[in-house]
Visitor: 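Pasting a structure here, questions to come.
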Amino acid sequence: MTQWSNKSPLEWQDYINKEVKVYADEKNDYQGWLVTVDPVSTSIVLANFQEDQETLIRVIMGHAVQEVQVVDEADEATKDRLAHLFTPRETTSPYCKDDLEKKKLSLKNWLEQNNIPVSVQGESCTVLCVAGVLTIDPPYGPENCSSANEIILSRVQGLLQWFLNNQGETRLTSH
């Protein structure tokens with residue numbers, strides 16, 4: 001084990017948001033802003049900001065790390081950029097909150113009218129949960145469904161597509 005692997009998570013915390021130079025096995029060394037350390041493998045995630053607004057992410061496996069030296073402290077702008085490195089960018093949605101709420105309630109009511117158990121979940125109450133095994137995220141299209149059960153996923157996506165194509169009708173009809 002290397003000296004890096006013997007450090008505690010509290011000691012690794014001192015390196016986060018700092019520009020570091022990592023000396024690794026086979027005389028390799030890497031430099032970048034330390035984003036995080038995996039507490040199990042002691043692997044290091046480094047970020048390097050490129051001139052074209054791209055960010056290069058490099059993971060140095062913990063078993064290869066020999067030494068880590070702090071090169072520079074991050075300013076507030078760099079800390080902010082590092083903090084938001086893996087968060088999704090805000091995208092402009094073609095739907096306003098009111099439209100999404102109407103669509104969610106309409107779909108929920110339609111599912112309930114057709115005896116399909118559905119509930120609202122999530123911190124912001126925007127996710128529909130069908131039968132406790134499938135979720136539908138905004139904007140509530142077939143591509144917004146997720147489930148570990150592929151059969152249920154396929155069937156609910158089909159129902160959802162039917163609902164979107166036939167929103168004027170309230171009940172499914174058997175042929």
Side-chain angles (χ1 to χ4, degrees), residues 9-10 12-13 15-18 32-62 74 76-175:
L10 287 175
W12 294 328
Q13 189 78 28
Y15 292 86
I16 292 178
N17 290 337
K18 294 189 175 140
W33 295 98
L34 198 138
V35 179
T36 192
V37 178
D38 177 52
V40 176
S41 68
T42 68
S43 297
I44 296 172
V45 178
L46 293 181
N48 284 298
F49 302 120
Q50 309 295 308
E51 292 177 18
D52 58 358
Q53 297 298 339
E54 293 292 316
T55 304
L56 173 68
I57 301 295
R58 177 173 279 131
V59 177
I60 297 103
M61 302 306 291
E76 288 305 313
T78 304
K79 284 181 184 177
D80 187 57
R81 195 167 175 191
L82 289 167
H84 294 93
L85 200 56
F86 298 107
T87 55
R89 289 193 173 104
E90 291 294 323
T91 57
T92 54
S93 173
Y95 304 100
C96 70
K97 285 187 178 185
D98 289 341
D99 289 345
L100 284 175
E101 185 65 20
K102 287 177 189 174
K103 191 172 182 182
K104 176 187 79 176
L105 291 175
S106 176
L107 176 59
K108 182 178 182 289
N109 290 337
W110 181 79
L111 289 167
E112 287 171 340
Q113 287 173 354
N114 288 284
N115 298 317
I116 298 170
V118 62
S119 62
V120 178
Q121 288 186 336
E123 290 178 21
S124 57
C125 296
T126 58
V127 178
L128 292 177
C129 181
V130 178
V133 295
L134 180 137
T135 58
I136 308 171
D137 294 306
Y140 309 107
E143 66 280 358
N144 306 115
C145 296
S146 61
S147 176
N149 186 320
E150 291 184 34
I151 295 169
I152 291 175
L153 177 63
S154 174
R155 290 188 178 166
V156 172
Q157 285 175 321
L159 287 173
L160 193 49
Q161 189 61 55
W162 187 93
F163 168 76
L164 294 172
N165 293 338
N166 303 288
Q167 278 191 324
E169 299 179 40
T170 56
R171 282 189 133 338
L172 286 171
T173 56
S174 56
H175 298 286

Visitor: Distance from L107 atom CG to F163 atom CZ, nearest 0.5 Å?
Guide: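 Rounded to the nearest 0.5 Å, the CG-CZ separation comes to 5.0 Å.
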
Visitor: Could you tell me whether the side chain of N114 and the main chain of I116 form a donor-acceptor pair under 3.5 Å?
Guide: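 Pair absent, no side-chain N/O of N114 close to backbone of I116.
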
Visitor: A quick test of your reading: do over 12 heavy atoms of other residues, nucleotides or ligands sit less than 6.0 Å from CD1 of I151?
Guide: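 No, not enclosed.
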
Visitor: Measuring only between side-chain heavy atoms, which start at C-beta, is I57 closer than 4.5 Å to V45?
Guide: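 SC-SC contact between I57 and V45 confirmed.
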
Visitor: Within a strict 4.5 Å, meaning less than it, do heavy atoms of the T126 and L100 side chains meet?
Guide: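 Not touching, per the 4.5 Å side-chain cut-off.
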
Visitor: Shortest non-hydrogen contact from P139 to N144?
Guide: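 Scanning both residues completely, I find the closest heavy atoms to be CD-OD1, 3.5 Å.
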
Visitor: Would you say the side-chain atoms of D80 pair up with the backbone N or O of A77, donor to acceptor, closer than 3.5 Å?
Guide: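 Here the side-chain-to-backbone pair does not exist.
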
Visitor: How would you list, by chain and number, every residue that makes a salt bridge (charged side-chain N to carboxylate O under 4.0 Å, His left out) with K103, sequence neighbours excluded?
Guide: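 For K103 there are no salt bridge (charged side-chain N to carboxylate O under 4.0 Å, His left out) partners, ignoring immediate neighbours.
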
Visitor: Minimum heavy-atom separation for G62 to S43, with atom names?
Guide: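 Nearest pair, atom of G62 first, then S43: N-OG, 3.1 Å.
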
Visitor: Considering non-hydrogen atoms only, spot the tightest contact between E54 and R81 and give its length.
Guide: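 Nearest heavy atoms, E54 then R81: O-NH2, 4.4 Å.
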
Visitor: Hey, could you give me the CG/CZ distance between L160 and R155, rounded to the nearest 0.5 Å?
Guide: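 CZ of R155 is found 16.0 Å from CG of L160.
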
Visitor: Any ion pair linking E101 and K97 (charged N to carboxylate O, less than 4.0 Å)?
Guide: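 Answer for the salt bridge query: no.
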
Visitor: Can you find a pair of side-chain heavy atoms, one from L153 and one from L134, that are under 4.5 Å apart?
Guide: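 Yes; the side chains approach each other to less than 4.5 Å.
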
Visitor: More than 12 foreign heavy atoms under 6.0 Å from CD of E143: is that the case here?
Guide: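 Counting neighbours around CD of E143, more than 12 heavy atoms of other residues, nucleotides or ligands fall under 6.0 Å, so yes.
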
Visitor: Quick one, W12 and D38 - any side-chain contact, counting heavy atoms below 4.5 Å?
Guide: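 They are not in contact (no side-chain heavy atoms under 4.5 Å apart), so the answer is no.
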
Visitor: Side chain to side chain contact (heavy atoms under 4.5 Å, CB included) for L46 and L34? Distances and angles first, verdict last.
Guide: CA-CA 5 Å; L46 293 181; L34 198 138; 4.2 Å; yes

Visitor: Would the distance check show the side chain of S147 and the main-chain N or O of V133 forming a donor-acceptor pair, the cut-off being under 3.5 Å?
Guide: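 Present.
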
Visitor: Salt bridge (charged side-chain N to carboxylate O under 4.0 Å, His left out) with K79: which residues, sequence neighbours excluded?
Guide: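 Partners of K79 under the salt bridge (charged side-chain N to carboxylate O under 4.0 Å, His left out) test: E76.
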
Visitor: Say you draw a straight line from CG of L105 to CG of L128; how long is it, rounded to the nearest 0.5 Å?
Guide: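 It comes to 8.5 Å.
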
Visitor: What is the minimum heavy-atom distance between I136 and C145, and which atoms define it?
Guide: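 Looking at all heavy atoms of both residues, the shortest contact is CG1-SG, 3.9 Å.
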
Visitor: Is there a donor-acceptor pair under 3.5 Å between the side chain of Q121 and the backbone N or O of V127?
Guide: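 Not confirmed, Q121 side chain does not pair with V127 backbone.
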
Visitor: Is there a side-chain contact between W33 and T78 in this structure, where contact means two heavy atoms from C-beta onward sitting under 4.5 Å apart?
Guide: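 When only atoms from C-beta onward are counted, T78 and W33 do touch, with a gap below 4.5 Å.
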
Visitor: Distance from L85 atom CG to T36 atom OG1, nearest 0.5 Å?
Guide: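 It is 11.0 Å, given to the nearest 0.5 Å.
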
Visitor: Working to the nearest 0.5 Å, report the span between OG1 of T42 and CE of M61.
Guide: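 With rounding to 0.5 Å, OG1 (T42) is 8.5 Å from CE (M61).
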
Visitor: Between P9 and V37, is any pair of side-chain heavy atoms under 4.5 Å apart?
Guide: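 Side-chain contact under 4.5 Å: no.
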
Visitor: Assess the side chains of N165 and Q161: does a donor N or O sit below 3.5 Å from an acceptor N or O?
Guide: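 Looking only at side-chain atoms, Q161 and N165 do form a donor-acceptor pair, the distance falling under 3.5 Å.
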
Visitor: Side chains of V35 and F86: does their closest heavy-atom pair fall under 4.5 Å?
Guide: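 The answer is yes, as the side chains (C-beta and beyond) meet within the 4.5 Å cut-off.
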
Visitor: Has the side chain of T135 got a donor or acceptor atom that lies under 3.5 Å from a matching backbone atom of C129?
Guide: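 Looks like no, no N/O pair under 3.5 Å.
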
Visitor: Evaluate the side-chain proximity of L164 to P142: yes if any heavy-atom separation is below 4.5 Å, no if none is.
Guide: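 Yes; the side chains approach each other to less than 4.5 Å.
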
Visitor: Apply the test side chain to side chain contact (heavy atoms under 4.5 Å, CB included) to residues I16 and Q13: give CA-CA distance (whole Å), side-chain angles for both, the deciding distance (0.1 Å), then the verdict.
Guide: CA-CA 5 Å; I16 292 178; Q13 189 78 28; 4.1 Å; yes

Visitor: May I ask you to decide if the ring planes of W110 and W162 are parallel, tilted or perpendicular, using 30° and 60° as cut-offs?
Guide: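 Correct class here is parallel.
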
